[in-house]
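Notes for the one structure printed next.
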Amino acid sequence: MILRLTRLISIYLAALAFSGVSAPYAAAQSTDEDAHIAIENPADLSKEEASRIYKSLQKRMARGYDAAHLDLLMNYQNWPLFNDAPYISATHGQRYVNSYANRMAHNYGTLQEGEKLPVGSVLAKDSVTVTDEGNIHPGALFVMEKLPEGASPETADWRYIMVLPDGSMFGDTTGFRASAVAYCHDCHEAVADRDYTFFVPEDYIAGN
């Protein structure tokens, strides 16, 4: 118990320290080319611990992603948030994520089998890497945009985008390095009956 408490305190202190580290170190963290790759040893955090760490990095993350200059993501952190705390997502590299959706995606939280989200719906998952060794830094931002019918038959009219923490584009299925993020739709085919969208784990659904 004491060892676990000590480890969690060190993780939290690292998060606080990160927000004030020197520019060269911050750049090294946020431009990590492997930021999208799954980590093997994610920390086991409570909701309160995960929320504190996310809040300590939230503004830095928003500034980093803004460098991508994607209008569809403007002020995404002010969109409806569907989870009550960051949760580990195995499909997003074992990182702690948050599930945001713009107001066009008004039925995202209640989507039933066979229903679809409206054209213009945008889902955004920002992420934070937290390892059991106390390493903490922003992860990639994962985005889905619902396109008009027939715009992208190979991805069921969904656009997938991955933005790295420094705002550089890892891939966009409608343009830059499309093949690099093609696997996103392969994964989402598992939830085709929910218009190819995963939802928040039941224990983390906001309001539950």
Side-chain angles (χ1 to χ4, degrees), residues 33-38 61-62 64-83 86-129 138-202 204-206:
E33 292 181 358
D34 296 330
H36 61 289
I37 297 175
M61 293 165 68
Y65 302 140
D66 280 349
H69 302 298
L70 291 172
D71 289 343
L72 80 165
L73 293 174
M74 190 174 297
N75 298 319
Y76 81 90
Q77 289 180 352
N78 293 322
W79 295 354
L81 177 63
F82 289 83
N83 51 290
Y87 59 94
I88 285 185
S89 174
T91 55
H92 296 89
Q94 295 282 64
R95 286 172 173 77
Y96 282 86
V97 302
N98 291 286
S99 290
Y100 294 92
N102 69 357
R103 303 228 175 246
M104 186 63 73
H106 60 87
N107 57 332
Y108 175 58
T110 59
L111 202 62
Q112 300 297 311
E113 184 175 343
E115 291 183 351
K116 294 189 175 183
L117 273 73
V119 172
S121 294
V122 179
L123 312 180
K125 277 187 171 67
D126 57 12
S127 68
V128 176
T129 296
L141 175 64
F142 305 90
V143 184
M144 293 176 66
E145 178 189 12
K146 188 62 179 287
L147 304 175
E149 186 174 356
S152 181
E154 65 277 10
T155 59
D157 299 323
W158 280 102
R159 176 190 185 188
Y160 297 86
I161 305 169
M162 187 190 299
V163 180
L164 296 181
D166 64 351
S168 59
M169 190 74 69
F170 180 78
D172 177 348
T173 53
T174 65
F176 177 74
R177 283 171 48 87
S179 61
V181 286
Y183 73 91
C184 294
H185 188 66
D186 295 340
C187 179
H188 281 259
E189 284 183 332
V191 285
D193 59 350
R194 199 179 185 279
D195 200 12
Y196 300 89
T197 65
F198 288 97
F199 196 53
V200 177
E202 186 173 356
Y204 285 82
I205 296 175

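In what follows, residues are counted from 1 in the order of the sequence shown. Because the structure is a prediction, the values reported are computed rather than measured.
- Annotation: side chain of Tyr196 is in contact with side chain of Glu189 (closest heavy-atom distance under 4.5 Å).
- With rounding to the nearest 0.5 angstrom, the NZ atom of Lys146 is 12.5 Å from the CG atom of Asn102.
- Counting heavy-atom neighbours within 6.0 Å of Met104 CE, excluding the residue itself, gives a total of 12 or less.
- Scanning both residues, Ser99 and Leu81, for their nearest heavy atoms gives O-CD1, 3.5 Å.
- Checked by atom type and distance alone, the side chain of Asp195 never pairs as donor or acceptor with a backbone atom of Glu115 at under 3.5 Å.
- Between Tyr108 and Phe199, the ring planes lie perpendicular to each other; the angle is over 60°, past the 30° to 60° tilted range.
- Note that CG of Leu141 is 5.5 Å distant from OH of Tyr76, once rounded to the nearest 0.5 Å.
- Asp157 contributes no side-chain N or O that, together with a main-chain N or O of Leu147, makes up a donor-acceptor pair within less than 3.5 Å.
- Met74 contributes atom CE, which lies 10.5 Å from atom NE2 of His69 (distance to the nearest 0.5 angstrom).
- Of the candidates Phe198, Tyr87, Phe142, Phe142 is the only one forming a ring-ring contact (aromatic ring centres under 6.0 Å, His included) with His92.
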* side chain to side chain contact (heavy atoms under 4.5 Å, CB included) between Leu117 and Leu123: does it pass, once the steps are laid out? -> CA-CA 10 Å; Leu117 273 73; Leu123 312 180; 4.1 Å; yes
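- Between His188 and Tyr160, the two ring planes are tilted [angle within 30° to 60°].
- Screening Asp126, Asp66, Val143 for a side-chain contact (heavy atoms from CB on, under 4.5 Å) involving Leu73 leaves a single residue, Val143.
- Between Leu72 and Glu145 there is a side-chain heavy-atom pair separated by less than 4.5 Å.
- A distance of 8.0 Å separates CZ of Phe176 from OG of Ser168, quoted to the nearest 0.5 Å.
- Looking at every heavy atom in both residues, Asn98 comes nearest to Pro86 through OD1-CG, 3.7 Å.
- For CD of Glu202, the number of neighbouring non-hydrogen atoms (other residues, nucleotides, ligands) closer than 6.0 Å is 12 at most.
- In terms of heavy atoms, Pro138 sits closest to Met61 at CB-CG, 3.6 Å.
- What you find for Pro118 and His106 is that their closest heavy atoms are CG-NE2, 3.8 Å.
- Using a 4.5 Å heavy-atom cutoff, the side chains of Trp158 and Thr173 are not in contact.
- No side-chain donor-acceptor contact under 3.5 Å links Asp193 to the backbone of Gly114.
- Taking all atoms of both residues into account, the shortest heavy-atom contact from Thr91 to Cys187 is CG2-SG, 3.7 Å.
- Nearest heavy atoms, Ala101 versus Pro80: O-CD, 3.1 Å.
- To the nearest 0.5 Å, the span separating OG on Ser121 from NZ on Lys116 amounts to 12.5 Å.
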* Asked: Under the side chain to side chain donor-acceptor pair (under 3.5 Å) criterion, do Thr129 and Arg95 qualify, and how do the steps go?
  -> CA-CA 5 Å; Thr129 296; Arg95 286 172 173 77; 2.7 Å; yes
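- Between the side chain of Ser127 and the main chain of Ala140, a donor-acceptor pair closer than 3.5 Å is present.
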